[in-house]
Amino acid sequence: LTENKNMPQAEAAEAEASPEKSGWLLKWTNYMKGYRKRWFVLQHGVLSYYVDDADAAASCRGSLVVHDAVITVDAGNNFALSVPKAGSSATARVFHLRAFSEEDHVSWINAIEAAKVQSTSTSGFHFPTLSSHGGRKSLVFSPSGRNTVDIVDELESASEGDMSDDELTGDAVVDSVLGSKIKKMQTWQLQLKERCTRFHDQLEEGRREIPGVGELQDEAAEVERTAADLLEACRTYVEQLSTHQKDWTNMLRTNNSRTRELQAQLETLAREHQSLVGNAASPGRSRTRSQSNGDASTPRIGEVDSDDDIFFDAVEADAPGIVADTGSCTKASLSGESTATKALGDEMKTAGAGPAVAIVTRRTRIPASPKLQLSLWSMIKSCVGKDLSRIAMPVNFNEPISFTQRLCEDLEYSDLLTRAANSKTPAERMVWVSAFTASGFASQAKSRTGKPFNPLLGETYELDRRAEQGWRAIAEQVSHHPPICCMHAESDTWVYWQECAFTMQFWGQYIDVKPTGLSHLLFKDTGDHFTWTKVSTKVHNIIVGSLWVDQHGTMIITNHRTGDTCSMEYVPYAMFSASDARTVKGKVCDKAGKTYYKISGKWDKGLVAEPVGMAGSKFSVWHAVPPPPYTESMYHMSLMALTLNEMTAPDEGCAPTDARLRPDVRAMENGNWEQANSVKVALEEAQRARRRDMERRRDTWRPRWFDLKPDPCYPNRQIHQFNDKYWETKETKSWEHPFDMYAVKAK
């Protein structure tokens, strides 16, 4: 037993190195109290919690042994520890915890994992722990403590050096990363067996001389069996890691391929930039029209999404039977346009519409919001017992655009419709159309909760984007009670129109807006006619807390020519929901019910699609372009929204009822909220006076640019449809409006 004389020192060193951690965490208590702040201490493999750090020495409120605990990592900074009952699959105890930051989240999970390993592991090998690398969380599994991102980087460096793509097989991955570790484990096992044998021999020799040696020998045998079980578990774990070799290889090849494609695209972009600079410097040269009509041969640089982990397995390359979008939005959007396709030419026209259109430089900023605070709750209390029709909502809850303008913002990603028009099959076309229906919600994400101004009856808005995207649109408020706003847009290849009507219910803490109007999309070449109704929008925390918006419900998109459908499920977010916020799931089926594509993603970030029966062939369909950070002070509006109230050359000569001419919206945009409130009240009173006058004359309002006709897909339903008179009237400037709806005096 002389070889064990240094055991106390070894135990002291081990105790000194044992994982210990303390700090604040949020612990779930019950549905009445929710999460409560508690002081947690991890020591000697036991996680204990207290009311505060001052009570850590005495009044423990609860504890949990982490040796057999199972760690579950949830969305955000949430995680849970559960201990199963002995001999049962049921759970004996669970701690639901939440860290205050991502760093604390990673630190606590690593500490708990280390505490678990401390009681079972052998020297030199560590079970996986959670690590943060470049904003991503990954498992550390190697003995040296490196995480998967580091190992992939090492393999990528090896592939750039001595190994080609053909040589980078699964066996090479295992040999280069795990081979040496397996050999070390085998050496440790032999050393352990040898030492255990010597220890048994020494105990056998001292059995007669030292009392209690027999019990010590039994304990040593138990230690040997436990160590053997641990080594067997380590080997099993390494074998499981080896099964992922193909995934690592595919991931590495995909990253290398993306890098090469990006380099080629950058070179092409640089050449095109030089060409454009030369054309701009030479007035005699004609500009070439960009291939924004969906030509897949044109290289494009995709916008890099900050949450790219969601789409790490979506290979942005040509998928079988469909052209993958390598990023529907480009960096060019930051210069003033809000969509991916920029037509750099003077030949872009709509179907049968007028002469060539020059390129327009649009603004990217508006005056910052003065951020005047107003309590909605105090306002609601002041409205008790009053006629709500006579109460004017202040502009504090608005953003400086009208709803007629907001409706045209659905076309921000109109390049998806161009791609749909160029698709080869109806199923492909449905994929792009489905992405377009989801893209209209992207601007409502995060903190953009301002309400657009209610349009006045007869208010119009025209939006001419022939220079950038090859389409133009017109919107009109056709009814006030119930409120109905119509919009019609047309390009060379498609026609899109919608009748926006909805019902709104107030449920105390949230408002639920349920659309009842129908949207139509017709492709001129194929005759494919799509219809859908938007899903419901819920605005949370009306009374208390920060406002946030969510979409929920199922949207059914129908191709009336082929019978194909796409069911898009917008999953509502809840605190205890298993799904992430703003999640969308869908599938494209033919009229017989056969599924061709599955669609998934988030309606505020992007979507990916995967052909059924072709696992691993996901491709990116659409990526949202986040607005620049400076727009936080500009009502969190998107880049396209910032341009909607701007009067540019194509908009000159618009109707006198155009929303750009509204004095209350213009005053709010300029930061004069007091004047905006006064003018808004005057405009609403003038509209009530016109309505009373019409009732006295027993007259009814008739829209100017939209006529009520049977729906082309649902003949038993009446829908307002564009009468093709607006653009002709603009050319002749024969507006002949009976009154000037914006000629009011502020009080």
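In this structure, the separation between CZ on Arg365 and OG1 on Thr631 is 9.5 Å, given to the nearest 0.5 Å. Residue Ser107 holds its OG atom at 9.5 Å from CD1 of Ile112, rounded to the nearest 0.5 Å. Atom-to-atom distance recorded for Cys589:SG and Tyr596:OH is 9.5 Å, nearest 0.5 angstrom. Atom SG of Cys408 and atom CG of Leu463 lie 5.5 Å apart (nearest 0.5 Å). Between Thr449 atom OG1 and Phe397 atom CZ the span is 10.5 Å, to the nearest 0.5 Å. In this structure, Thr554 OG1 and Glu569 CD are separated by 5.0 Å, a value rounded to the nearest 0.5 Å.
The backbone N or O of Ser402 sits less than 3.5 Å from a side-chain atom of Gln405, completing a donor-acceptor pair. Judged by distance alone, with hydrogens and angles left aside, the side-chain atoms of Glu646 form a donor-acceptor pair with the main-chain N or O of Arg363 at under 3.5 Å. Arg429 places a side-chain N or O within donor-acceptor distance of the main-chain N or O of Ser423, the cut-off being under 3.5 Å. Judged purely by atom type and a 3.5 angstrom limit, Ser519 has no side-chain atom pairing as donor or acceptor with the backbone of Gln498. Between the side chain of Thr29 and the backbone N or O of Tyr35 there is no donor-acceptor pair closer than 3.5 Å. Between the side chain of Tyr461 and the backbone N or O of Phe403, no donor-acceptor pair lies under 3.5 Å.
Among all heavy-atom pairs drawn from Trp494 and Leu521, the shortest one is CB-CD1, 4.3 Å. Nearest approach of Val433 to Ala420, heavy atoms of both residues: CG2-CB, 4.1 Å. Of all heavy-atom pairs spanning Gly34 and Trp28, the tightest one is CA-CZ3, 3.3 Å. The shortest non-hydrogen separation linking Ser620 to Val608 is CA-CG1, 4.1 Å. Pairing each heavy atom of Asn398 with each of Met668, the nearest pair is O-CE, 3.0 Å. Of all heavy-atom pairs spanning Ala69 and Leu64, the tightest one is CB-CD2, 3.9 Å.
Counting heavy atoms from C-beta outward, Phe79 and Leu97 have side chains that approach closer than 4.5 Å. Phe502 has its side chain out of reach of Ser536: every pair of non-hydrogen atoms, C-beta onward, lies at least 4.5 Å apart. Contact of the His96 side chain with the Asn78 side chain is not registered, since no non-hydrogen atoms from C-beta on lie closer than 4.5 Å. Side-chain contact check for Tyr597 versus Met430: every heavy-atom pair is 4.5 Å or farther apart.
Evaluated for a ring pair (Phe, Tyr, Trp, His ring centres under 6.0 Å) with Tyr496, the options Trp471, Phe530, Phe436 yield exactly one hit, Phe436. When each of Asp550, Val535, Thr437 is tested with Trp603 by the rule side chain to side chain contact (heavy atoms under 4.5 Å, CB included), just one qualifies, namely Asp550. With Asp512 as reference, His552 is the one residue of Gln505, His552, Lys538 to meet the side chain to side chain donor-acceptor pair (under 3.5 Å) rule.
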- Item | Tyr573 vs Thr583, side chain to side chain contact (heavy atoms under 4.5 Å, CB included): CA-CA, chis, key distance, verdict | CA-CA 8 Å; Tyr573 178 70; Thr583 298; over 6 Å; no
- Could you go through the salt bridge (charged side-chain N to carboxylate O under 4.0 Å, His left out) check for Lys605 and Asp580 one step at a time? CA-CA 12 Å; Lys605 292 187 179 298; Asp580 295 334; over 6 Å; no
- Message: Lys534 vs Phe441, test: side chain to side chain contact (heavy atoms under 4.5 Å, CB included). Steps then yes/no.
- Response: CA-CA 10 Å; Lys534 295 180 179 179; Phe441 299 117; 4.3 Å; yes
- Task: Would you check, one step at a time, whether the test side chain to side chain contact (heavy atoms under 4.5 Å, CB included) holds for Met637 with Arg448?
- Result: CA-CA 7 Å; Met637 297 169 72; Arg448 187 182 177 187; 4.2 Å; yes
- Item | side chain to side chain contact (heavy atoms under 4.5 Å, CB included) between Gln469 and Asp415, worked out | CA-CA 7 Å; Gln469 290 106 21; Asp415 59 306; over 6 Å; no
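Dense packing is recorded around NZ of Lys451, with more than 12 heavy atoms of other residues, nucleotides or ligands lying under 6.0 Å away. Within a 6.0 Å radius of NZ in Lys585, other residues, nucleotides and ligands contribute 12 heavy atoms or fewer.
The aromatic rings of Trp497 and His520 sit parallel to each other, their planes meeting at less than 30°, with 60° as the upper class boundary. Using cut-offs of 30° and 60° for the angle between ring planes, the Phe95 and Tyr49 rings count as perpendicular.
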